[in-house]
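In what follows, a single structure is set out as structure tokens and then discussed.
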Amino acid sequence: MRPAPPPREPSARTPLTWLYVPGDRPEVVAKALHCGADVVVVDLEDAVAPDRKDRALRATAELLSDPAPGTAPVHVRVNALDGPLAETEIRTLAALPGLAGLRLPKVQGPADIHRAAGWATTAAQPAAVPALTGRLATGRRARSPAAAVAPLTTGTAHPARAARTARTARTARTAAPGSATATLTPAAPAPAALPATPALYALLESALGIEHAFAIATAHPALRGIALGEADLATELGVRDEAGLAWPRSRTVVAARAAGLAPPPQSVYPDVADLEGLARSCARGRALGFLGRAAIHPRQLPVIEAAHLPSPEEVEAAAEIVRAAGAEGGAQALPDGRFVDAAVVAGARRVLSLAERRN
């Protein structure tokens with residue numbers, strides 16, 4: 001069994017709010033980009049009617065031809081990977097400079113991640129990206145396709161994945177056993193550089209996806225996060241209330257942290273008018289280890305952020321722990337009887353890091 005990697009700690013600007021907007025309504029997307037969400041997710045899947053899928057893709061490609069389409073990073077949720085649309089969507093969008101991430105729905109296993117990454121690294125070349133020069137509802141003129149393509153930042157390889165890649169490379173360089181002679185062959189020409197894989201995020205929406213959660217979370221270096229899609233999962237499981245989702249939720253949190261990924265955000269709260277219910281649900285999610293939440297309306301954003309930020313009392317307690325650790329070092333007991341070791345200090349530092357968002 002390979003050792004578990006150390007978890008990646010959230011930074012001061014760890015996203016807490018992920019706002020979904022329909023991709024076929026560019027005017028709504030334009031407003032969402034400046035409404036205060038940490039991430040805007042342009043949805044090509046559930047929020048778009050079948051006869052408007054093509055329009056949504058063209059509008060999204062136009063938006064992402066701008067390297068800085070708004071004040072928030074832009075992710076795109078593509079259609080189901082086993083359907084007829086996802087490959088074209090990923091190849092069209094993956095190399096555009098305004099894309100910050102791809103959200104992959106209904107992921108069942110590692111093979112889905114590898115398939116999406118393969119499509120992304122053979123993204124459509126500029127001449128193959130259609131219809132990026134017209135005007136859409138935003139009133140903006142699209143940039144030329146040639147100006148729209150730029151390399152994206154590659155992800156840091158997960159330690160386990162990096163070791164596996166290195167072993168594969170060493171194996172490929174080793175001669176076959178039993179060879180009587182060594183034959184020198186001309187070096188093959190260096191292949192053309194492939195586009196960098198954009199950040200990928202897997203949505204687990206089925207029982208099979210939950211069963212494969214850790215394998216999915218460690219499937220590819222570009223995989224930056226996992227999250228639940230609770231509506232489809234609850235339907236498949238026949239769940240009638242939130243109690244039935246407790247185990248899948250905890251399984252997702254554990255798989256993400258075991259893989260060295262950030263804590264997953266909660267799934268959407270569908271009642272946009274029930275802000276008190278949203279706050280209570282966020283509190284329960286935070287207690288399970290989730291960090292942040294997807295939203296479907298801007299009015300949900302401040303409620304989600306407030307629920308997932310540490311309280312003043314939590315910040316004060318965390319600061320006391322960090323001060324004590326810096327002064328004494330090693331495991332110790334605080335004056336109030338709390339025991340402090342390295343794990344407790346790490347948790348306190350996470351609290352203080354999140355608290356910096358208030359400044």
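Just so it is clear, the model here is predicted, and its values are computed rather than measured.
R249 has a carboxylate O that lies under 4.0 Å from a charged side-chain N of E242, or vice versa, which qualifies the two as a salt bridge. A salt bridge links R91 with E87: the closest approach of a Lys/Arg side-chain nitrogen to an acidic carboxylate oxygen falls below 4.0 angstrom. With respect to R55 and D24, no salt bridge is recorded, no charged nitrogen being found less than 4.0 Å from a carboxylate O.
A single hydrophobic cluster is seen to contain both W247 and F290, as judged by linkage of ILVMFWY side chains at heavy-atom distances under 4.5 Å, directly or through other members.
Considering I216, L208, I226 in turn, I216 is the only one that fulfils the side-chain contact (heavy atoms from CB on, under 4.5 Å) rule with V107. Of the listed residues (V268, V21, V272), just one forms a side-chain contact (heavy atoms from CB on, under 4.5 Å) with H297, and that residue is V272.
Across all their heavy atoms, L64 and L96 have their closest contact at O-CB, 3.5 Å. Taking each heavy atom of A37 and V40 in turn, the nearest pair found is CB-CG2, 4.4 Å. Of all the heavy atoms in S65 and P97, the pair that sits closest is O-CG, 3.6 Å. Taking both residues in full, the closest heavy atoms of L223 and L261 are given as O-CD2, 3.6 Å, listed atom of the first, atom of the second, then distance.
R115 meets the side-chain contact (heavy atoms from CB on, under 4.5 Å) test with L81, D112, W119; sequence neighbours excluded. Listed by chain and number, the residues in a side chain to side chain donor-acceptor pair (under 3.5 Å) with T17 are D38 (sequence neighbours excluded). Take D271 and apply the side chain to side chain donor-acceptor pair (under 3.5 Å) test, not counting sequence neighbours, and it matches no residue. In terms of the side-chain contact (heavy atoms from CB on, under 4.5 Å) criterion, residue partners of A80 (sequence neighbours excluded) are, by chain and number, D82, K106. Remark: S311 engages E313, E314 in a side chain to side chain donor-acceptor pair (under 3.5 Å) (not counting sequence neighbours).
Side chain of T121 to backbone of G118: a donor-acceptor contact under 3.5 angstrom is found. With hydrogens and angles ignored, the 3.5 Å screen pairs no side-chain donor or acceptor of H308 with any backbone N or O of R286. The backbone N or O of I296 lies less than 3.5 Å from a partner atom in the side chain of Q300, making a donor-acceptor pair. Here the side chain of R357 pairs no donor or acceptor atom with the backbone of P15 at under 3.5 angstrom.
For the pair E230 and P270, the minimum side-chain heavy-atom distance is 4.5 Å or more. Counting heavy atoms from C-beta on, the side chains of L16 and L291 come closer than 4.5 Å.
Cation-pi geometry between R103 and W18 is met: under 6.0 angstrom from the ring centre, within 45 degrees of the axis.
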Legend entry - Test side-chain hydrogen bond (donor to acceptor under 3.5 Å, both in side chains) applied to Y269 and D274, step by step: CA-CA 9 Å; Y269 189 81; D274 182 13; 2.9 Å; yes

Legend entry - Intermediate values then yes/no, side-chain hydrogen bond (donor to acceptor under 3.5 Å, both in side chains), S281 and R293: CA-CA 10 Å; S281 178; R293 189 164 201 161; 2.9 Å; yes

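The aromatic rings of H75 and Y201 lie tilted to each other, with the angle between the two planes from 30° to 60°.
Pairs of residues two or more places apart, or lying in two chains, that qualify as side chain to side chain donor-acceptor pair (under 3.5 Å) and include a residue from residues 206-217 are Q108-S206.
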